[in-house]
Protein chains: 2
Amino acid sequence: MAEQKPLILVTNDDGITSHGIRTLVELMQQLGTVVVVAPNSPQSGMGHAITIANPLRLYPTDLFTDVIAYECSGTPADCVKLAKHHVLKDRAPDLVVSGVNHGGNTSISVLYSGTMSAAIEAAIEGIPAIGFSLGDFTRQPDFSHTHEHILSITRNVLERGMTKGTALNVNFPPRGSEPLKGIRICRQANAKWQEVFDERRDPHGRRYFWLAGEFVNYDTHAEDTDEYALANNYTSVVPCQYDLTAYAMVDELKNWNL
Amino acid sequence: MAEQKPLILVTNDDGITSHGIRTLVELMQQLGTVVVVAPNSPQSGMGHAITIANPLRLYPTDLFTDVIAYECSGTPADCVKLAKHHVLKDRAPDLVVSGVNHGGNTSISVLYSGTMSAAIEAAIEGIPAIGFSLGDFTRQPDFSHTHEHILSITRNVLERGMTKGTALNVNFPPRGSEPLKGIRICRQANAKWQEVFDERRDPHGRRYFWLAGEFVNYDTHAEDTDEYALANNYTSVVPCQYDLTAYAMVDELKNWNL
């Protein structure tokens, strides 16, 4: 009996029509049987949102060649849930990949990222998962320099599996004049968005705010962060976990005698 | 010069009209000067979503007595950002409290919880923060058994501060016939929602899905989890961090020779 090809679920947070997911689907077709369940609209910044108070829609689409694909009205996390429990109910996927995101998901952005929440949702279900993001927010970025690393990282995860409770957060620098220097295993940089709210008036004279701001890296001297890797033209790989317990603080709190 | 009272920002994810936030505002008025910035509609399950692609609205409201309060069109994380950068721009709050949520946020629910994302957003800003949740999903639950623990935990955080990069996730069991047994410092239980999608047809014959499911605890024999505490009529306190790096896996990945 021929060995069964791995079943790979592809999703994203930029929506099913984005260039990033098309790139990822084409690459995954080299490695296994691909099924797509992705949002029907952009879901950037949705974090780990799920749809509780509204019904979800799920429609088949022929956007991809030789691929079973569905567009879903929900968030990236919803897509993974619906894929596992409805679309793929007869066979759990061997891998979930999310992306390639248009825009970086390094450091603190992992919390806000729909791309990574899809990967973490898969990890919760015990499925190896990887989120891929490119530090280029344009609508039609060049993904060609990421292909080789996407394939090698994915092959490794398919072969070796992942530690229970974890998923990989992979980020690529935008395509530059030099080829990527390699892959660095990193930790999440200690950084944040320094928000600025742009205050405006609508045509009816009512006030509104746009979230804006700039990225501040507090870890500028560290060389083991994802920010350092990207700034130096490496691909960053950060293993992420969904157990948020701050174990170091558990003992301290016990001394508070609450 | 008289000592300045602590400035406490109150938010939630059930929306500014919920009973839980009213309870929390009244309790915080015993401890400091209270400012409220909370969503103008329910935001349960929003996780760490932020509003990037749409403008935000912020309107003053007189819902609370002797409290400066604003309702915001955004998510809980948006509320904290707007509060810090717009409403409270002249003085950073000494504490951010979120809740009291109508429904538990133990174990894996911390990822989906808008209540906790507000607290974590505050932690990112370097502000001590606590999320409070009651394991009772009804619209008008009895919060009276939680008052004493809310006050004592909050007093402690105001006095001692929090370890950088962390926020507290506090959960209460629903009011029963016995008083609460006490407070337990816990880790996040290893548990998940076993989803079921309820498939229906709308009046136009089109298919839709409701997310449903049941909670499965894989940690039933452990006594150090938040689930154990709640099941045994204790208040659970879990310190949470937003550094998601799975440090144990970093070294393993280096051996993959990617």
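Chain letters run A, B, ... following the sequence lines, proteins first, then strands; residues in each count from 1.
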I need the minimum non-hydrogen distance between [X] and [Y], along with the two atoms involved.
X: A/Lys81; Y: B/Leu211; answer: CD-CD1, 4.2 Å
X: B/Arg160; Y: A/Asn255; answer: NH1-O, 4.5 Å
X: B/Pro55; Y: A/Tyr208; answer: CB-CD1, 3.2 Å
X: B/Ile153; Y: A/Leu258; answer: CA-CD2, 4.0 Å
X: B/Ile52; Y: A/Trp210; answer: O-CZ3, 3.7 Å
X: A/Cys186; Y: B/Val250; answer: O-CG2, 4.0 Å

Counting heavy-atom pairs under 4.5 Å with chain B, which one of [options] comes out on top?
options: A/Thr235, A/Asp226, A/Asp251, A/Asn54; value: A/Asn54
options: A/Leu82, A/Leu58, A/Thr166; value: A/Leu82
options: A/Val110, A/Ile120, A/Asp202, A/Asn190; value: A/Asp202

For this session: Determine whether A/Asn169 and B/Leu244 make a side-chain contact, defined as any pair of heavy atoms from C-beta on separated by less than 4.5 Å.
Result: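 A side-chain contact is absent here, since even the closest heavy-atom pair is not under 4.5 Å.
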Exercise. So, does B/Arg207 use its side chain to make a donor-acceptor pair with the main chain of A/Arg57 at under 3.5 Å?
Worked result: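 Looks like no, no N/O pair under 3.5 Å.
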Exercise. So, B/Gln188 side chain and A/Tyr242 main chain: donor-acceptor pair closer than 3.5 Å or not?
Worked result: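 Checking the backbone N and O of A/Tyr242 against the side chain of B/Gln188, a donor-acceptor pair under 3.5 Å is found.
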Which answer fits [X], side chain, backbone, both or neither, if we ask what part of it has an atom under 4.5 Å from a heavy atom of chain A?
X: B/Val157; result: both
X: B/Met116; result: neither
X: B/Ile108; result: side chain

Problem set entry | Partner of A/Leu253 by side chain to side chain contact (heavy atoms under 4.5 Å, CB included), out of B/Ile183, B/Leu168, B/Val238 |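 Of all the options given, the one that passes is B/Leu168.
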For this session: Determine, stepwise, if the pair A/Trp256 / B/Glu159 fulfils side-chain contact (heavy atoms from CB on, under 4.5 Å).
Result: CA-CA 11 Å; A/Trp256 283 18; B/Glu159 204 172 289; over 6 Å; no
Exercise. Using non-hydrogen atoms only, which part of A/Arg184 is less than 4.5 Å away from chain B: side chain, backbone, both, or neither?
Worked result: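 Contact with chain B involves no heavy atom of A/Arg184 at all.
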Exercise. To the nearest 0.5 Å, how far apart are OG1 in A/Thr245 and CD1 in B/Ile185?
Worked result: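 So the gap between those two atoms works out to 12.0 Å.
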For this session: Find the distance between CG (B/Leu111) and CD1 (A/Ile50) and round it off to the nearest 0.5 Å.
Result: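 Interatomic distance, B/Leu111 CG to A/Ile50 CD1, rounded to 0.5 Å: 9.5 Å.
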Exercise. Using a cut-off of under 4.5 Å for heavy-atom pairs, which of B/Glu125, B/His149, B/Glu252 has the most such pairs with chain A?
Worked result: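 Heavy-atom pair counts peak at B/Glu125.
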For this session: Decide yes or no on side-chain contact (heavy atoms from CB on, under 4.5 Å) for B/Gln241 and A/Met249, but give the supporting numbers first.
Result: CA-CA 10 Å; B/Gln241 62 185 34; A/Met249 209 186 167; over 6 Å; no
Exercise. How would you list, by chain and number, every residue that makes a ring-ring contact (aromatic ring centres under 6.0 Å, His included) with B/Tyr112, sequence neighbours excluded?
Worked result: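 Partners of B/Tyr112 by the ring-ring contact (aromatic ring centres under 6.0 Å, His included) criterion, ordered by chain and then number, come out as A/His48.
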Problem set entry | Positions in residues 191-200 of chain A that reach chain B, provided some heavy atom is under 4.5 Å away |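 The stretch touches chain B at A/Lys192, A/Trp193, A/Gln194, A/Glu195, A/Phe197, A/Glu199.
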